[in-house]
Amino acid sequence: MLPGMASAQPDPKANGYYALPVQGDFVGQDYDVIANKDDTLLDIARVHNVGYEEIQAANPDVSLWVPGEGTSVTIPRRHILPDVERKGIVINIAELRLYYYPEAEEGQPPQVATYPIGIGREGYDTPLGITRTTMRLEQPAWYPPSSMRKEAAERGDPPPEVVPPGPDNPLGEYAILLDIPGYLIHGTNQPDGIGMRASRGCIRMYPEDIESVFDEVPTNTQVNIIDHPIKVGEDEQGNTYLQVFKSVEGVESGIEQLEDMLITKGVIEEEGSDILDRVRLLQLLAEPDDQITSLSLFYQDAVEEPDETEAMTVYSMLDEPLSESC
């Protein structure tokens with residue numbers, strides 16, 4: 001078996017926990033598995049604790065529904081930790097991923113757990129900011145919100161006043177309430193939607209993931225909901241990497257944000273951004289792929305000078321609206 005390859009078995013870190021790095025900002029490692037005859041890409045994603053958009057972005061040429069027996073599938077399990085305080089729960093909605101930093105027991109190294117999530121679709125944005133967990137509910141009942149009741153009534157199909165626990169309950173079997181009225185972290189009865197923007201603002205998790213953290217997250221745990229479509233991190237050797245998610249908005253503002261991040265981290269000097277190849281960075285920001293990429297590929301002396309046609313094509317993107325996938 002080639003290095004980095006694995007059979008289609010569950011990831012040994014499928015429960016999501018990693019030791020925090022002593023140096024650097026990375027946890028986990030990408031690896032490959034071999035699809036079986038009856039696998040879909042979504043089946044493989046769930047077994048290996050990644051979401052819908054993650055598995056598709058890592059395997060753009062693989063069929064979602066019929067990967068095919070013997071097909072190599074990349075599992076994107078290498079993560080740059082968000083550039084915020086490593087405390088409590090951190091939810092990066094741009095990444096569709098949750099990070100949980102439990103309190104380390106005495107004598108034990110600090111850890112982080114990370115899970116794919118589903119979030120609010122357009123018009124039902126998950127609110128940003130710092131909040132806290134309030135209550136934990138096992139076998140919760142679901143009370144359809146007034147907006148949903150109104151929409152359903154207009155269709156002539158009003159929902160019930162309450163949906164009891166069971167297979168038809170969209171909250172799943174576990175829910176953690178937040179100190180934002182109406183918002184929860186909860187399971188789901190539609191796990192194929194994990195890794196998508198499909199909810200009315202709540203944060204959904206795979207049923208097995210919410211179960212694994214339900215008893216671990218104390219009441220009054222800090223929850224920091226952020227929107228970081230650009231991430232920058234260093235590995236243990238001090239090499240810098242960047243990751244741009246498809247939710248990035250604004251090419252020119254994106255490159256300014258990236259340069260500010262690199263200056264803050266001391267990667268480049270405030271007057272030294274000219275070492276970066278802006279044309280190729282603009283192209284990445286215009287067509288983000290969610291993948292972790294070495295920053296060294298975007299240094300001026302690491303790439304050939306683009307021809308005039310390529311440069312004009314990329315800069316013309318600044319005057320065009322982004323696609324719906326951004």
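The chain is numbered in sequence order, starting from 1.
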task = Show the numbers, then the answer: is there a side chain to side chain contact (heavy atoms under 4.5 Å, CB included) between I210 and I176?
result = CA-CA 9 Å; I210 186 68; I176 301 173; 4.1 Å; yes

query = Does T221 use its side chain to pair, donor to acceptor, with the backbone of T133 at less than 3.5 Å?
reply = no

query = For V66, what residues pass the side chain to side chain contact (heavy atoms under 4.5 Å, CB included) criterion, not counting sequence neighbours?
reply = S63

key: side chain to side chain contact (heavy atoms under 4.5 Å, CB included) between L20 and Y101, worked out   = CA-CA 9 Å; L20 277 179; Y101 301 91; 3.8 Å; yes

remark   = Residue pairs passing the side-chain hydrogen bond (donor to acceptor under 3.5 Å, both in side chains) test with at least one member in residues 84-95, sequence neighbours excluded, are D25-R86, N92-E95, E95-Y99, E95-K231

remark   = Residues Y17 and P102: closest non-hydrogen pair is CE2-CG, 4.0 Å

task = For residues P229 and S247, report the shortest heavy-atom separation together with the two atoms involved.
result = CB-OG, 3.9 Å

key: Contacts of type side-chain hydrogen bond (donor to acceptor under 3.5 Å, both in side chains), residue E53, not counting sequence neighbours   = R197

inquiry  = I'd like to know whether I185 forms a side chain to side chain contact (heavy atoms under 4.5 Å, CB included) with I91, so could you lay out the CA-CA distance, the side-chain angles of the two residues, the decisive distance to 0.1 Å, and finally the verdict.
reply    = CA-CA 10 Å; I185 301 171; I91 296 170; 4.2 Å; yes

request  = Identify, with sequence neighbours excluded, every residue that meets side-chain hydrogen bond (donor to acceptor under 3.5 Å, both in side chains) alongside E259.
outcome  = R278

ask   = How far apart are the closest heavy atoms of I80 and I292, and which atoms are they?
value = CG1-CD1, 4.1 Å

Test item: I75 and I55 side chains (from C-beta on) under 4.5 Å apart, heavy atoms = yes

message = Is it the case that the side chain of S199 and the backbone of I119 share a donor-acceptor pair, with hydrogens and angles ignored and the cut-off at 3.5 Å?
response = yes

request  = Mark yes when over 12 heavy atoms from residues, nucleotides or ligands other than E105 sit less than 6.0 Å from its CD; otherwise mark no.
outcome  = no

request  = Give, for atom CG of D179 and atom OG1 of T219, the distance between the pair rounded to the nearest 0.5 Å.
outcome  = 11.5 Å

task = Decide whether D209 and S212 meet the rule of one side-chain donor and one side-chain acceptor closer than 3.5 Å.
result = no

request  = Supply the atom-to-atom distance D215 CG to E138 CD, rounded to the nearest 0.5 angstrom.
outcome  = 7.5 Å

request  = With sequence neighbours excluded, tell me which residues meet side-chain hydrogen bond (donor to acceptor under 3.5 Å, both in side chains) with D227.
outcome  = none

note = Taken in chain and number order and not counting sequence neighbours, the residues that satisfy ring-ring contact (aromatic ring centres under 6.0 Å, His included) with F26 are Y241

ask   = Residues two or more places apart in sequence or in another chain: which of them pass side chain to side chain contact (heavy atoms under 4.5 Å, CB included) with A58?
value = T74, P76, Q291

Over all atoms of both residues, closest heavy-atom pair of I34 and S72 = CD1-CA, 4.0 Å

Expected output: side-chain T240 to main-chain V232 donor-acceptor under 3.5 Å = no

task = Would you please say whether a donor-acceptor pair under 3.5 Å links the side chains of Y18 and H79?
result = no

note = Heavy-atom nearest pair, Y100 first then E216, reads OH-O, 2.8 Å

request  = Give a yes or no answer on whether the side chain of D30 reaches the backbone of R77 with a donor-acceptor pair at less than 3.5 Å.
outcome  = yes

query = Roughly how far, to the nearest 0.5 Å, is the CD1 atom of I117 from the NE2 atom of H186?
reply = 11.0 Å

ask   = Looking at CD1 of I255 and CG of D260, how far apart are the two atoms once the value is rounded to the nearest 0.5 Å?
value = 11.0 Å

note = Taken in chain and number order and not counting sequence neighbours, the residues that satisfy side-chain hydrogen bond (donor to acceptor under 3.5 Å, both in side chains) with R97 are E54, T114

message = Just so I know, are the side chains of L295 and L262 near enough to count as touching, which here means a heavy-atom distance under 4.5 Å?
response = yes

Contacts of V62 that satisfy side chain to side chain contact (heavy atoms under 4.5 Å, CB included) - sequence neighbours left out = L41, N59, P67, T71

Pair L276-L258, side chain to side chain contact (heavy atoms under 4.5 Å, CB included): steps then yes or no = CA-CA 11 Å; L276 299 175; L258 174 59; 5.8 Å; no

ask   = Which residues satisfy the ring-ring contact (aromatic ring centres under 6.0 Å, His included) test with Y174, sequence neighbours excluded?
value = F214

query = Which residues, ordered by chain and number, are linked to I194 in its hydrophobic cluster, where ILVMFWY side chains connect at heavy-atom gaps below 4.5 Å, directly or through other members?
reply = Y206

inquiry  = Quick check for you: to the nearest 0.5 Å, what is the distance between L285 atom CG and R280 atom CZ?
reply    = 14.0 Å

task = Could you tell me whether Q222 atom CD has more than 12 heavy atoms of other residues or ligands within 6.0 Å of it?
result = yes

query = Considering all heavy atoms of both residues, which atom of N189 and which atom of P170 are nearest to each other, and what is their separation?
reply = OD1-CA, 3.4 Å

key: Between CD1 on residue I230 and CG on residue D83, distance to nearest 0.5 Å   = 12.5 Å

message = Given 3.5 Å as the limit, does a donor-acceptor pair link the side chain of N36 with the main chain of D38, or not?
response = no

message = If the condition is side chain to side chain contact (heavy atoms under 4.5 Å, CB included), which residues does Q139 pass it with, not counting sequence neighbours?
response = P165, E173

